[in-house]
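Chain naming here is simple, since letters A, B, ... match the order of the sequence lines and numbering starts at 1 in each.
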Amino acid sequence: MQKYVLKKSVVNHNKTLDPEFGKDLNPSQREAVFFGKGPLLVIAGAGSGKTKTLVHRVAYLVNQGLDPKSILLLTFTRKASAEMTRRAIDLLDARCSNVSGGTFHSFANIILRRYGKLIGYPDNFIIMDRGDSEDLISMIRKEKGLAKTDKRFPKKGTIADILGKAVNRSSTIENTIIKECPQFLDYKDEICEIQKAYANRKKEMGLMDYDDLLVNLLELLKNKEEVRNKLNNYYQYILVDEYQDTNMIQAEIVKFLAGKDENVMVVGDDSQSIYSFRGANFKNIVDFPKIFPKATIVTLEENYRSAQPILDLTNAVIDGAREKYSKNLFTKRSGNIKPLYVETKDDNEQSQFICQKILDLREEGQTLNKIAVLFRSAWHSNDLEIQLKSADIPFVKYGGIKFVEAAHIKDVVAYLKIALNPADALGWQRVLNLWEGVGPKTASDIFELILQNRNNLTLLNLDKYKSKAFYPALKKLLAFIFINKSQSKPTKIVETALRLYKPYFEEKYDNFNKRKADIDSLITISERFKDLESFLSELALEPPDTTQIDSVAETEDEEKMTLSTIHSAKGLEWHTVFIISAVDGFLPSFQSLGDMEQIEEERRLLYVALTRAKENLFIIKPNMANKKASYMYPGMQFSKLTRFLDEKSLIDNYTEKLILVNDEEDEFSFDNALPEPNFGGRKYVF
DNA sequence: TATAGCCGATTTTTT
DNA sequence: ATCGGCTATA
């Protein structure tokens with residue numbers, strides 16, 4: 001295990017806070033930033049300078065002479081954490097780079113590597129991603145013969161959902177089934193059985209899923225006093241961002257971390273809670289003063305992001321919400337351009353409109369990285385992506401399928417996992433199944449053999465397989481497993497794994513040349529890590545998104561526009577925002593329609609999307625009645641505007657309607673007949 | 001008994 | 001593109 005040595009940091013004590021520090025904050029922000037000791041709840045509306053306030057708070061605390069490491073800043077993504085640290089450094093000095101921070105999960109990972117032994121985990125445990133969990137569940141389901149009993153037995157993904165929600169909502173399996181999918185209530189005993197087997201197998205194999213990271217951290221804090229005391233002494237101030245998206249387990253973790261001093265500041269906006277499907281509970285905000293009765297509450301209501309007409313619409317949308325902390329955003333920013341609303345005949349026309357508009361904006365001198373297109377589900381942008389490519393407009397897409405979820409990356413990672421932790425049955429299954437003549441049965445036989453002898457390689461008797469074609473491969477694989485992990489750099493291990501994988505890789509995928517680029521990226525990423533364990537943890541906790549992969553591949557950082565799911569757009573802002581597929585059934589998603597709470601969450605989702613825009617906001621509603629989704633779900637029309645904008649005629653009152661006129665000549669020529677790009681214009685004819 | 005291969009159905013959001 | 005189920009084959 002890597003040893004960390006405390007280095008005396010060279011701190012420039014000459015540089016003190018700018019006398020102007022805090023002058024540009026409004027009174028509420030100032031109250032939060034200069035707050036003394038004790039619990040503090042900051043209710044921060046969209047665009048109200050939430051990040052700015054947190055960053056100033058960090059700088060203020062560090063400048064008070066506090067050891068930066070003793071400040072723990074828990075954020076929703078690692079990106080957010082890095083961004084805040086960077087801004088704090090700008091504001092004060094390099095001391096801020098030592099602030100402790102990360103996501104709840106990455107923090108749990110660090111603590112559990114060190115203290116996990118106390119609750120029976122090896123320090124080389126492997127973090128399972130969602131796919132790994134499903135694979136293990138599927139394996140158990142097959143072993144128990146549950147797959148065959150009845151066609152209607154839930155699929156692995158559904159079971160994973162049920163188990164995960166039960167944990168994250170601190171509820172029972174039975175209640176979760178009743179709430180989520182009552183049609184499977186008959187199988188509650190079987191699902192409980194799977195749950196037990198799943199928990200046992202994970203422990204045997206040294207695996208933790210995302211939920212285990214939180215649950216086990218909480219267990220340490222709750223039941224291991226020495227750990228709790230250590231952490232309480234170490235972390236003097238706890239700051240939590242996006243508190244509305246924490247679940248009950250996380251709230252308890254915060255409670256224990258705060259300790260007796262209760263120096264804990266949480267920041268959140270109940271109107272932006274969009275992760276309840278993951279067990280997040282925005283009532284955590286309401287309950288904060290119950291957990292910390294001494295809590296001070298500060299509300300930030302002034303919006304610095306959006307022009308007034310945009311804000312008028314967003315306020316109106318969230319006004320329809322059933323439950324919320326009452327707050328009303330206002331801005332001093334002028335602006336007379338109303339959000340623009342466009343109806344198109346289908347998604348193809350929607351894409352054409354966007355391409356055209358973006359070319360206009362570029363003409364005007366607007367840079368592409370100030371433009372974003374937002375949507376409910378990753379696949380909603382499929383058509384747009386094709387058209388952007390053919391129009392030669394560069395973009396990056398956030399959300400949807402991730403790099404590490406691709407089959408070929410999972411293959412390579414499986415090699416690495418079994419090298420780090422030979423007890424990992426899932427990794428073995430995946431690797432052994434690559435071989436001709438090996439299916440699930442043979443793979444698990446081989447795995448059993450290895451497991452029994454893994455402490456003494458010389459006892460391993462492989463004679464059984466001597467006649468098989470895969471025998472030499474098996475020999476080579478075992479040699480790979482027992483290489484010295486602590487001495488080899490991750491990149492070396494990846495390269496060794498790739499030598500073993502290559503023949504199967506080229507056999508398995510027709511388009512292996514295209515996939516090769518991903519493999520190269522994996523090598524590049526591995527170079528950042530000093531050991532295999534941290535590399536694999538990072539892949540599970542902060543999977544690289546397409547941007548990082550692209551920037552590895554391309555040296556030039558060309559300007560690109562952003563396509564993003566609304567979830568992934570959280571916390572960001574753009575000059576111009578297009579919200580596409582504002583169709584009832586798309587947003588809200590038809591999957592959410594059965595449940596009032598879920599529909600309310602969809603409303604908040606739209607609210608988050610709308611509040612990303614600073615100056616220009618486009619809302620586009622294609623008619624999707626004749627598209628694929630509609631024959632899959634016969635009851636749905638997919639032709640009406642989203643209910644959240646339809647109610648009380650919000651569209652009529654708060655937006656300007658653009659009329660698209662089909663130019664008869666050839667299919668669609670946009671180049672002629674376009675009026676001067678002018679967002680105040682009444683009509684948009686093409 | 002185990003595997004390979006084919007076909008058809010399905011696609012919310014994410015640490 | 002991927003998953004799960006079915007069938008032919010060794």
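- By the side-chain contact (heavy atoms from CB on, under 4.5 Å) test, A:Tyr198 pairs with A:Met128, A:Ser133, A:Leu136, A:Ile137, A:Ile140, A:Leu163, A:Lys202, A:Asp209, sequence neighbours left out.
- Nearest to the side chain of A:Lys156, among C:dT2, B:dT3, C:dG4, sits C:dG4.
- By the 4.5 Å heavy-atom criterion applied to side chains, A:Glu533 and A:Arg113 are counted as neighbours.
- Between A:Tyr398 and A:Leu572, every side-chain heavy-atom pair lies at or beyond the 4.5 Å cut-off.
- Following rounding to the nearest Å, A:Trp435 (CH2) and B:dA2 (P) show an atom-to-atom distance of 19 Å.
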Give each protein N/O atom lying under 3.5 Å from an N/O atom of nucleotides 13-15 of chain B, with the pair distance.
residue	atom	partner	partner atom	Å
B:dT13	OP1	A:Ala378	N	2.9
B:dT13	O4'	A:Arg376	NH1	3.2
B:dT13	O2	A:Arg376	NH2	3.1
B:dT13	O2	A:His567	NE2	3.4
B:dT14	OP1	A:Thr565	OG1	3.2
B:dT14	OP1	A:Ser568	OG	2.9
B:dT15	O4'	A:Arg278	NH1	3.2
B:dT15	O3'	A:His105	ND1	3.4
B:dT15	O2	A:His105	NE2	3.2

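- Counting heavy atoms of neighbouring residues, nucleotides and ligands inside a 6.0 Å radius, atom NZ of A:Lys410 exceeds 12 of them.
- Side-chain contact between A:Lys165 and A:Ser171 is absent, with no heavy-atom pair separated by less than 4.5 Å.
- Residue A:Lys142 contributes atom NZ, which lies 11 Å from atom P of C:dC3 at whole-angstrom precision.
- For an aromatic pair to be called close, the ring centres must be under 6.0 Å apart, and A:Trp379 with A:Phe586 satisfies this.
- Among the atoms of the strands shown, none is found under 4.0 Å from any heavy atom of A:Arg604.
- Per the geometry, CD1 belonging to A:Ile159 stands 16 Å off P belonging to C:dC3, to the nearest Å.
- For the pair A:Lys155 NZ and B:dT10 C1', the computed distance is 7 Å after rounding to whole Å.
- Nearest nucleotide to the A:Arg141 side chain, out of B:dA4, C:dG5, B:dT3: C:dG5.
- Counting heavy-atom neighbours within 6.0 Å of A:Lys468 NZ, excluding the residue itself, gives a total of 12 or less.
- Regarding A:His408, its NE2 atom lies at a distance of 12 Å from the P atom of C:dA1, rounded to whole Å.
- If you measure from atom CD of A:Gln429 to atom P of B:dT3, you get 9 Å, rounded to the nearest angstrom.
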For nucleotides 7-10 of chain C, print each protein N/O atom paired with a nucleotide N/O atom at under 3.5 Å, atom names and distance only.
none

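- Looking only at side-chain heavy atoms (C-beta outward), A:Leu587 and A:Ser581 stay at 4.5 Å or farther from each other.
- Summarising the geometry of A:Phe76 relative to A:Thr103, their closest heavy-atom pair is O-CG2, 3.4 Å, with the distance given to 0.1 Å.
- Atom NZ of A:Lys464 and atom P of B:dA2 are 11 Å apart (whole Å).
- If you measure from atom CE of A:Met139 to atom C1' of C:dC3, you get 16 Å, rounded to the nearest angstrom.
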